[in-house]
Amino acid sequence: MSRDDVLVRIATWNVNSVLARQPRLIDWLGATGPDVVCLQETKVAADAFPAVEVAALGYAVGHHGEGRWNGVAILSRIGLVDVVLGLPGDPGFPGPATREARTIAATCGPLRVRSVYVPNGRSPDDPHYEYKLAWLGALRAAVADDAASPRPFAVMGDFNVAPTDDDVWDPAAFVGATHVTSAERSALADLRAVGLTDVVPTISKGSPYTYWDYRAGSFHKGMGMRIDLVYANAALLSVVEAAWIDREARKGTGPSDHAPVVVDLGV
DNA sequence: ATGCCTTTCCCAGAAAGA
């Protein structure tokens with residue numbers, strides 16, 4: 001399919017610090033030309049996002065930042081209105097008084113989109129694990145109306161859950177770990193049950209993965225995970241023309257440990 | 001991979017990531 005056939009290109013990318021990744025992000029925006037981009041782990045304060053630099057490429061920015069940790073954003077060059085920060089019913093950690101910057105939603109032209117950075121969970125016996133499950137429950141409630149809407153909608157980002165054993169390089173290596181437990185996968189299934197479908201990218205070079213640890217040459221050894229997901233409602237799913245993982249963005253100097261997931265829509 | 005990198009806080013090493 002040629003670029004001319006694509007009316008709207010959307011993407012999600014955990015950049016692991018938007019400031020550390022700024023040169024690569026700018027290059028990637030110019031080379032890839034997405035219309036809407038959901039970012040995770042911006043790791044900058046609310047007012048420290050490099051908005052001027054992305055505005056030069058035609059993007060408006062919605063950012064929910066808290067500084068050193070977390071932080072999510074939506075970039076759009078097809079409009080950015082009705083921006084909503086955070087999540088009603090967010091459990092917070094350790095409680096609602098300390099909520100983290102993990103989701104932002106916006107309307108971009110004909111689409112409603114939500115960027116999410118789901119809590120890691122740390123380990124199944126850690127309080128952060130229950131927080132992760134509760135957070136996913138709150139997300140389910142927050143997206144139910146958009147999922148049922150005739151307007152195309154996608155919630156996309158770093159879900160920190162591998163949906164199946166095929167989404168990790170070695171299931172045996174994850175026994176007893178987070179990201180693969182039945183409770184986490186059930187929470188994703190519950191999320192899909194409100195009317196969302198996992199837009200699984202085309203397998204490229206034999207790999208379905210979107211994340212590879214920085215250490216021990218994990219990327220070159222194919223030791224990855226598919227944890228960056230695009231969950232689409234029926235209206236958006238019906239116009240998907242292609243979905244793919246930009247492995248090139250994981251190569252070279254100073255990459256994020258995540259690759260972007262790109263979805264082309266014939267809206 | 002039980003942290004073999006990377007980033008942030010800020011200038012030393014802790015915290016966090018998955």
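Reminder, nothing fancy here: chain letters follow the sequence lines and each chain counts from 1. Quick note: numbers below take in every heavy atom, side chains included, and nothing from hydrogens, waters or symmetry partners.
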I'd like to check the salt bridge (Lys or Arg N to Asp or Glu O under 4.0 Å) partners of A:E100; sequence neighbours left out, ordered by chain and number. A:R102

For atom [atom1] of [X] and atom [atom2] of [N], their distance in whole Å:
X	N	atom1	atom2	result
A:Q40	B:dT7	CD	P	17 Å
A:H128	B:dA15	NE2	P	13 Å
A:Y214	B:dT8	OH	C1'	12 Å
A:H179	B:dG3	NE2	P	16 Å
A:N14	B:dC5	CG	P	20 Å
A:R215	B:dT7	CZ	P	14 Å
A:E41	B:dG17	CD	C1'	7 Å
A:N70	B:dA16	CG	P	11 Å

For DNA chain B, which residues in [range] have a heavy atom at a distance below 4.0 Å?
range	result
residues 154-166 of chain A	A:D158, A:N160
residues 246-254 of chain A	none
residues 204-213 of chain A	A:Y211, A:D213

Any side-chain N or O of [X] below 4.0 angstrom from OP1/OP2 of [N]?
X	N	result
A:R21	B:dT6	no
A:S17	B:dT8	yes
A:N120	B:dA18	yes

Touch check for A:M225, heavy atoms < 4.0 angstrom, all strands: base, sugar-phosphate only, or nothing? sugar-phosphate

Counting only heavy atoms from other residues, nucleotides and ligands, does the tally under 6.0 Å from CG of A:D145 exceed 12? no

Any side-chain heavy-atom pair of A:P50 and A:L19 under 4.5 Å: yes

Residues in side chain to side chain contact (heavy atoms under 4.5 Å, CB included) contact with A:A56, at least two apart in sequence or another chain: none

For nucleotides 9-11 of chain B, which of its nitrogen or oxygen atoms have a protein nitrogen or oxygen under 3.5 Å away, and what is each distance?
unit_1	atom_1	unit_2	atom_2	d
B:dC9	O2	A:R68	NH2	3.3

I want to confirm an ordering. Mapping A:L19 and A:G121 to their closest nucleotides on DNA chain B, which one lands closer to the 5' end? A:L19

Assign each of A:P255 and A:F174 the nucleotide of DNA chain B bearing its closest heavy atom; nearer the 5' end lies the nucleotide of A:P255

Would you kindly say whether A:Y214 and A:N16 are connected by a side-chain donor-acceptor distance under 3.5 Å? yes

Side-chain heavy atoms nearer than 4.5 Å, only ILVMFWY residues, links allowed to pass through others: does that put A:V81 and A:L111 together? no

With syn defined as a glycosidic angle within 90° of 0 and anti as the rest, where does B:dC11 land? syn

Tell me if the aromatic rings of A:W169 and A:W212 count as close, with their centers under 6.0 Å from one another. no

Compare the minimum distances between each of B:dA16, B:dA18, B:dT7 and the side chain of A:A20, then state the nucleotide with the smallest one. B:dT7

